[in-house]
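The structure under discussion appears below in the form of structure tokens.
Chain A is the first sequence line, chain B the second, and so forth, proteins listed ahead of strands; every chain is numbered from 1.
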There are 2 protein chains.
Amino acid sequence: MSNQAARRTRSLSADKRAAILAGAKRVFLRDGFAAGSVDAVAAEAGVGKQTVYRHFGSKDALVEALVVGMCEAIDWSAPPDASSDPRATLRRELNAFVLGLSTPGSVQLYRAIIGEAGRQPEFARLFFEAGPKVIRSRVASVLCGELPDSEASEAAAILVNLALGDAYLELVLGITPPDPKRFERQIDAALELVLPSR
Amino acid sequence: MSNQAARRTRSLSADKRAAILAGAKRVFLRDGFAAGSVDAVAAEAGVGKQTVYRHFGSKDALVEALVVGMCEAIDWSAPPDASSDPRATLRRELNAFVLGLSTPGSVQLYRAIIGEAGRQPEFARLFFEAGPKVIRSRVASVLCGELPDSEASEAAAILVNLALGDAYLELVLGITPPDPKRFERQIDAALELVLPSR
DNA sequence: GCCGTTGACGAGACTGTATAGTCTCGCTAA
DNA sequence: TTAGCGAGACTATACAGTCTCGTCAACGGC
């Protein structure tokens, strides 16, 4: 709408907002929500401190906007495929999920959210609903064709767990660098365990 | 030794040190390593601020002493049992592990360590070596009797993963309260999957 | 098409508060 | 007498949030 375009020039700039959020992402995911400062965000975004407050009102609101935005942007699902082989579908689905979660940004978000889970349970819930829960139900819906409905949900949980497996804990702890091949191996082993091929 | 008793009164008091660490545990695991203040620790420990510095020198050193101490104190293993049934042994072992990790203190430590993993990788490593790694190898050594050695290590990783399962992620995220029965169900399902009973 | 108004913006000074770390003092027990 | 200790004053720094000022680009009246 031209309304929006006209509004934007007279109103707060969407570009600035995006720049601030990008700066906030770098600063807060690097230093933590508590230790990261608004001054650092403003500097990182190439923006005046006042502009940050004009757009977001407070540090807490800024952090919340960042977390909400990142959670909403989560989309780790694989594009739909034509294949009717559920094993192949699951493999692609789990792979997309695991790769999405292995991104430096995702790992940092995961760390920050878990670090704050005791003080900011809403963030944790938001993340959970947008990420793990969605994948679980996607996997379960694929499994419904293969297993009795009563087992599909549990099997989905097991698959998702094993897909992340040890590799993800070690990745989050910073003990091992990301290793797509290792994830693939974990996914194959998980599929073999839950849906034995022969 | 009387030496120690004599030393203690003339030297820094071990009681004070312990009180400070106990206060630090409450404060830092509640507020985070960055946001928790030395003043709060001193107050919580019923101790003068100066005493904290006499004992630990700096906030960083205090945090490190706390983390190191808590990691060294980790012992989630079940007491050895006489039973020769490996399934029963594994069930007890996994149960002890999961219960130890579900303790409020353990969950808070886990959160804090993951939250800092990007900035304090040594803490993460320390925790990993003292906790998950130990359990993995304990489980693997039990499995060696049941499976070919080549599979035992991977199966152990799978068992440990499934024992924690969804319940632990949800616990750490603060989404579900601790539920020992749910963990038991997860452990039974995991054992059934890895070592089918019939 | 020109011009004055308007409001977003950058820069940075400023306030109040919190915190790390130091210093001093008076108490107490060996 | 000595040294650990509690209490709390003190310094220096950092940060959240506010305020001001000068600039600039868009809008509206002419």
>> Taking 4.0 Å as the cut-off, does a side-chain nitrogen or oxygen of A:Thr51 come that near to OP1 or OP2 on C:dC9?
In response: no
>> Nearest to the side chain of B:Arg54, heavy atoms from C-beta on, is which of C:dA8, D:dG4, C:dG21?
In response: D:dG4
> Nearest to the side chain of B:Asp39, which nucleotide is it out of D:dG17, D:dC5, C:dT19?
Replying inline: C:dT19
> Of A:Gln50 and A:Val38, whose closest DNA chain D nucleotide lies nearer the 5' terminus?
Replying inline: A:Val38
> Only one of A:Val68, A:Ile113, A:Val67 forms a side chain to side chain contact (heavy atoms under 4.5 Å, CB included) with A:Phe127, so which one is it?
Replying inline: A:Ile113
> With under 30° as parallel and over 60° as perpendicular, where do the rings of A:Tyr168 and A:Phe183 fit, or are they tilted in between?
Replying inline: tilted
> Whole Å only: how far is the OH atom of B:Tyr53 from the P atom of C:dG21?
Replying inline: 4 Å
>> Categorize A:Lys49 for me: base, sugar-phosphate, or nothing, with a 4.0 angstrom heavy-atom threshold over every strand shown.
In response: base
>> Nearest whole Å is fine: how far is D:dA16 P from A:Phe33 CZ?
In response: 14 Å
> Is it true that A:Glu154 and B:Arg185 have a side-chain N and a carboxylate O under 4.0 angstrom from each other?
Replying inline: no
> For the pair made of CZ in A:Arg17 and P in C:dC9, what is the distance, rounded to whole Å?
Replying inline: 12 Å
>> When you measure from the side-chain N and O atoms of A:Ser13 to the phosphate of C:dA8, is any distance below 4.0 Å, counting only OP1 and OP2?
In response: no
> Atom NZ of B:Lys16 and atom C1' of C:dT28: how far apart are they, to the nearest Å?
Replying inline: 12 Å
> Rounded to whole angstrom units, what separation is found between the CG atom of B:Asp31 and the C1' atom of C:dA18?
Replying inline: 13 Å
>> Looking at A:Glu184, I'd like to know if its CD atom is crowded, meaning that more than 12 non-hydrogen atoms belonging to other residues, nucleotides or ligands lie closer than 6.0 Å.
In response: yes
>> Does a side-chain N or O of B:His55 approach OP1 or OP2 of D:dC5 to a distance below 4.0 Å, or not?
In response: yes
> Whole Å only: how far is the NZ atom of A:Lys59 from the C1' atom of D:dA14?
Replying inline: 11 Å
> Can you check the B:Leu62 CG to C:dT19 P distance for me, whole Å?
Replying inline: 15 Å
> Reckon A:Gly36 touches a base, only the sugar-phosphate, or nothing at all at heavy-atom distances under 4.0 Å?
Replying inline: sugar-phosphate
>> Starting the side chain at C-beta, find the nucleotide from C:dC9, D:dA16, C:dA20 nearest to A:Ser37.
In response: D:dA16
> With no hydrogens and no angle check, is any side-chain donor or acceptor of A:Lys16 less than 3.5 Å from a backbone partner on A:His55?
Replying inline: no
>> Please report the distance, rounded to the nearest Å, between CG in B:Asp60 and C1' in C:dT19.
In response: 13 Å
